[in-house]
Chemist: 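One structure is given below, represented as structure tokens, and several questions about it will come after.
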Amino acid sequence: MQPLSVLIVASEVAPFAKTGGLADVSAALARYLAGAGHDVKILMPLYRRVREKVGGLTPHPELQDLKLGDDQGARHVSVSTAPLPGGAGPEVYFLRAPELYDREGIYCQDGDEHLRFGVLSEAAMVICQNLGWAPDVIHANDWHTGLLPLQLKVHFGWDDLFKQTKTVLTLHNMGYQGVFPLDVMGDLRLGGEHHLLWREDVEEERVNFLRTGLLYADALTTVSPTYAKEIQTEEQGMGLEDLLKERGDDLIGIVNGVDYAEWDPRTDEHIKANFGPRELAGKRVCKDALLDRFGLAPAGDDVPVLGVVSRLTPQKGFELLPDMLTVLLQREDLRLVLLGSGEESYEQYFSWLQETFPRHVGFFAGYDEALSHQIEAGSDLFLMPSRYEPCGLNQMYSLRYGTAPIVRRTGGLADTVEEYDPATGEGTGFLFDEFTSHALFDATRKALRVFKEPAHRARLRANGMARDTSWEVQGPRYVELYARLAGRASVPSS
Ligand code: ADP
């Protein structure tokens with residue numbers, strides 16, 4: 001098959017700017033595509049943190065002082081590039097518009113958030129025009145680039161360059177939709193296009209960037225098959241279920257791959273000792289190092305460390321913990337290590353837990369990449385009781401690191417973790433259905449029981465570590481989709 005040309009547009013790309021899974025996915029998918037011989041570019045904003053930290057940014061000679069919009073009130077932007085680190089990394093195009101992006105955070109509460117990302121989307125097409133580059137696919141992600149398919153149609157429909165270009169919109173997290181007062185559309189020169197928006201939004205004087213993307217993207221993807229089904233229901237559709245049902249034929253779920261360049265216990269540079277499926281001694285070293293770091297009591301092989309690495313938001317289900325953890329910690333010999341930042345109430349609770357059980361619970365409030373690897377490596381079990389979870393990466397990292405996940409059967413967790421069956425020795429973790437403390441308690445108790453048995457413990461670990469959730473497996477699914485959209489012969493999926 002002829003190589004495909006793909007432009008990925010995202011608000012986060014690891015390692016340059018990351019708050020969650022979107023950053024990992026956009027980088028790793030691009031890396032996979034480039035490695036497979038496709039012509040791929042990534043576009044993201046030149047945030048202050050990128051300007052300050054990324055060396056070797058090179059102004060792109062053909063992409064300086066580009067004009068967005070008509071003469072009146074035109075905005076001027078430029079592009080600098082740097083290669084995406086790691087392997088056959090493609091070029092990352094950083095959109096330079098200091099008045100929008102030279103700020104403290106990636107996202108902000110300022111009144112021009114719609115512009116910061118609306119401009120990013122529009123710049124995607126202007127960049128293609130200036131390069132004379134016609135991508136087969138422009139791949140937008142989440143609400144930030146939700147307007148892109150509409151902008152392509154309204155502002156660039158006249159340009160033959162884009163005659164064959166198709167758009168894909170990936171939903172990483174429906175919890176964030178980019179809802180703004182309707183009049184912001186004027187700032188993006190879309191003020192005359194209200195008839196193209198979802199009618200109820202217009203009636204209620206607002207625009208929903210994500211919903212607009214769902215209306216106009218040629219194909220929709222989300223990050224697991226189960227989540228693709230769940231978001232077509234009232235319970236999980238977050239108000240977009242009707243439209244998603246209507247577009248059900250164009251919506252597919254593709255589980256995120258894991259970037260094993262970053263997340264492989266055999267080569268991980270953040271952990272105390274490396275290990276692999278056939279050589280597990282290093283995992284024991286990592287466990288001791290983790291206990292040590294948090295000043296926790298030593299734990300034998302049959303005393304499990306439970307790990308948590310997460311944003312602390314209601315999505316992640318931590319409200320289930322208070323009703324079961326105290327009992328669990330009193331009844332069972334275990335250690336609990338938590339890393340996360342987010343809502344204060346959760347941080348307070350975990351700090352309290354740590355003060356109450358200082359030799360059994362460790363908590364670090366903050367974002368710490370190295371520690372996240374150390375927790376994956378040093379834990380025995382990993383807790384993800386999510387209320388909803390589009391895909392989830394940590395449970396897949398856990399599998400790779402021989403750390404059996406305890407997860408709620410939702411979204412990508414349901415697609416990537418199989419219940420361990422002591423009778424057959426099959427399965428990779430522990431699942432529960434009801435979103436209740438009781439159900440989580442039962443699943444955790446079962447995990448602890450299984451874990452106590454050395455034979456089961458070894459089997460569980462081996463099963464998880466043998467799972468391949470790499471981009472070598474998941475990447476071809478995106479290629480298939482792109483190829484289908486571009487009318488090319490598809491490659492067989494592996
Ligand atoms: P989400 O994207 O909803 O946050 P995922 O499981 O898909 O959840 O991805 C989370 C990513 O962010 C993982 O790579 C995880 O290791 C990382 N992460 C989350 N919180 C922290 C933290 N406090 N410190 C370091 N890494 C974190």
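The model shown is predicted, which means the values in this text are computed figures rather than measured ones. Numbers for residues simply follow the sequence, beginning at 1. Ligands are counted one by one from 1 in listed order, and the atoms in each one are counted from 1 as well.
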Chemist: Write out all pairs satisfying ring-ring contact (aromatic ring centres under 6.0 Å, His included) with one or both partners inside residues 369-398, taking only residues at least two apart or from two chains.
Modeler: Trp263-His373, Trp263-Tyr397, His270-His373
Chemist: When you measure from the side chain of Asn274 to the backbone of Pro265, do you find a donor-acceptor pair of N or O atoms at a distance under 3.5 Å?
Modeler: yes
Chemist: side-chain contact (heavy atoms from CB on, under 4.5 Å) with Asp102: which residues, sequence neighbours excluded?
Modeler: Arg48, Arg51, Pro98
Chemist: So, Tyr107 and Ser11: side-chain donor and acceptor under 3.5 Å apart, yes or no?
Modeler: yes
Chemist: Compute both the distance and the angle, then confirm whether Arg400 meets the cation-pi test with Tyr260: under 6.0 Å from the six-membered ring centre, within 45 degrees of the axis.
Modeler: yes
Chemist: Could you give the N/O to N/O pairs under 3.5 Å linking ligand 1 and the protein, each with its distance?
Modeler:
unit_1	atom_1	unit_2	atom_2	d
ligand 1	2 (O)	Gly21	N	2.7
ligand 1	3 (O)	Arg311	NH2	2.8
ligand 1	3 (O)	Lys316	NZ	2.8
ligand 1	4 (O)	Arg311	NE	2.7
ligand 1	6 (O)	Leu393	N	2.9
ligand 1	7 (O)	Leu393	N	3.3
ligand 1	8 (O)	Lys316	NZ	3.2
ligand 1	14 (O)	Lys18	NZ	3.2
ligand 1	14 (O)	Asp24	OD2	3.2
ligand 1	14 (O)	Tyr397	OH	3.4
ligand 1	16 (O)	Asn394	OD1	3.3
ligand 1	23 (N)	Gly366	O	2.8
ligand 1	24 (N)	Asp368	N	3.0

Chemist: Applying salt bridge (Lys or Arg N to Asp or Glu O under 4.0 Å), which residue pairs with at least one partner in residues 318-328 are found, sequence neighbours left out?
Modeler: Glu319-Arg387
